[in-house]
Amino acid sequence: GGVQVEVAGGANGEPVIVATPIGDAVVRTFRVFTPHGNLVREVPVEGIEPPFSIATGAFGPDGAEAVLVASRIGEGDDIPYTAYSLQGERLLAGALSVEEMAGPVTVTAVPGVGAQDDAVFTLPAAGMAARVDPRTGEATPLAVGIGRRSGGVYPLADGRSFAVTGADP
């Protein structure tokens with residue numbers, strides 16, 4: 001169970017909260033809330049089986065803030081993903097191909113080229129993480145130590161290094 005929560009820059013610089021259930025294989029949406037917890041909209045996710053992993057970042061055109069939704073469990077040897085604007089418009093879709101799909105997937109926004117962000121897909125059970133340009137699908141494996149109990153990979157302030165978090169015991 002549980003809920004994954006991300007914060008995004010909304011209209012006029014007002015932040016919004018984006019949330020989706022972590023383990024629910026039935027809910028096919030993510031929700032956008034005001035900072036006070038009021039529901040702004042519920043966005044249906046198409047073409048990806050739940051549960052989802054989400055990341056907010058500059059995934060939209062010209063670096064616009066968007067929500068990247070990826071399958072938390074993958075489908076065969078692919079991890080499909082789709083980016084949506086904060087208004088619910090579908091912006092792009094693709095899939096990360098992996099040699100072996102194993103265990104849960106986390107996705108994180110990292111600074112990319114120019115104004116647009118890339119995503120880091122972490123697959124702890126497979127011992128791998130990859131930096132992905134969601135617009136092209138180009139993936140680059142990251143040379144970081146991923147163990148079966150790793151939680152995710154997150155960028156550090158220097159823009160070159162990454163931190164690997166641990167899962168709860």
Report, one line per pair, each donor and acceptor closer than 3.5 Å where one atom sits in a side chain of residues 36-47; sequence neighbours left out.
| unit_1 | atom_1 | unit_2 | atom_2 | d |
| --- | --- | --- | --- | --- |
| Arg41 | NH1 | Leu86 | O | 2.8 |
| Glu42 | OE2 | Thr29 | OG1 | 2.9 |

Taking side chain as C-beta onward, heavy atoms only, is [X] less than 4.5 Å from [Y]?
X	Y	result
Thr34	Val16	no
Val27	Pro21	yes
Pro35	Glu14	yes
Ile22	Pro51	no
Thr82	Arg90	yes
Val105	Thr122	no

Over all heavy atoms of both residues, which pair between [X] and [Y] is shortest? Give the atoms and the distance, please.
X	Y	result
Gly63	Ala58	O-CB, 3.3 Å
Ala109	Ala55	N-CB, 3.8 Å
Phe59	Ala83	CB-CB, 4.3 Å
Pro80	Ile48	O-CD1, 3.9 Å
Ala66	Gly60	CB-N, 3.9 Å
Pro50	Ala25	CG-O, 3.3 Å

Pairs satisfying ring-ring contact (aromatic ring centres under 6.0 Å, His included), at least one member in residues 9-34, at least two apart
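Those involving residues 9-34 are Phe30-Tyr84.
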Could you pull out all donor-acceptor pairs under 3.5 Å where a side-chain atom in residues 2-9 meets a protein atom, sequence neighbours excluded?
| unit_1 | atom_1 | unit_2 | atom_2 | d |
| --- | --- | --- | --- | --- |
| Gln4 | OE1 | Ile54 | N | 3.0 |
| Gln4 | OE1 | Arg72 | NH2 | 3.0 |
| Gln4 | NE2 | Glu6 | OE2 | 3.4 |
| Gln4 | NE2 | Ile54 | O | 2.6 |

Please determine whether side chain to side chain contact (heavy atoms under 4.5 Å, CB included) holds for the pair Val107 and Val120, giving the CA-CA distance in whole Å, both sets of side-chain angles, and the decisive distance to 0.1 Å.
CA-CA 5 Å; Val107 62; Val120 170; over 6 Å; no
Between the OG1 atom in Thr106 and the CG atom in Leu123, the distance rounded to the nearest 0.5 Å is 7.5 Å
Just verifying a value: how many Å separate Ile79 CD1 and Phe121 CZ, rounded to the nearest 0.5 Å?
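Atom-to-atom, Ile79:CD1 and Phe121:CZ are 6.5 Å apart.
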Asp118: partners by salt bridge (charged side-chain N to carboxylate O under 4.0 Å, His left out), with sequence neighbours left out:
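Counting only residues at least two positions away or on another chain, Asp118 forms a salt bridge (charged side-chain N to carboxylate O under 4.0 Å, His left out) with Arg131, Arg135.
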Those residues that, when tested against Glu138, pass salt bridge (charged side-chain N to carboxylate O under 4.0 Å, His left out) (two or more places apart)
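With neighbours one apart ignored, the set is empty.
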Indicate if Leu92 and Leu96 have the same hydrophobic cluster label, given that clusters are the connected sets of ILVMFWY residues with side-chain heavy-atom separations under 4.5 angstrom.
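They do share one cluster, since a chain of ILVMFWY contacts under 4.5 Å joins Leu92 to Leu96.
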Run the ring pair (Phe, Tyr, Trp, His ring centres under 6.0 Å) test against Phe52 and tell me which residues pass, sequence neighbours left out.
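So Phe52 forms no ring pair (Phe, Tyr, Trp, His ring centres under 6.0 Å) with any residue.
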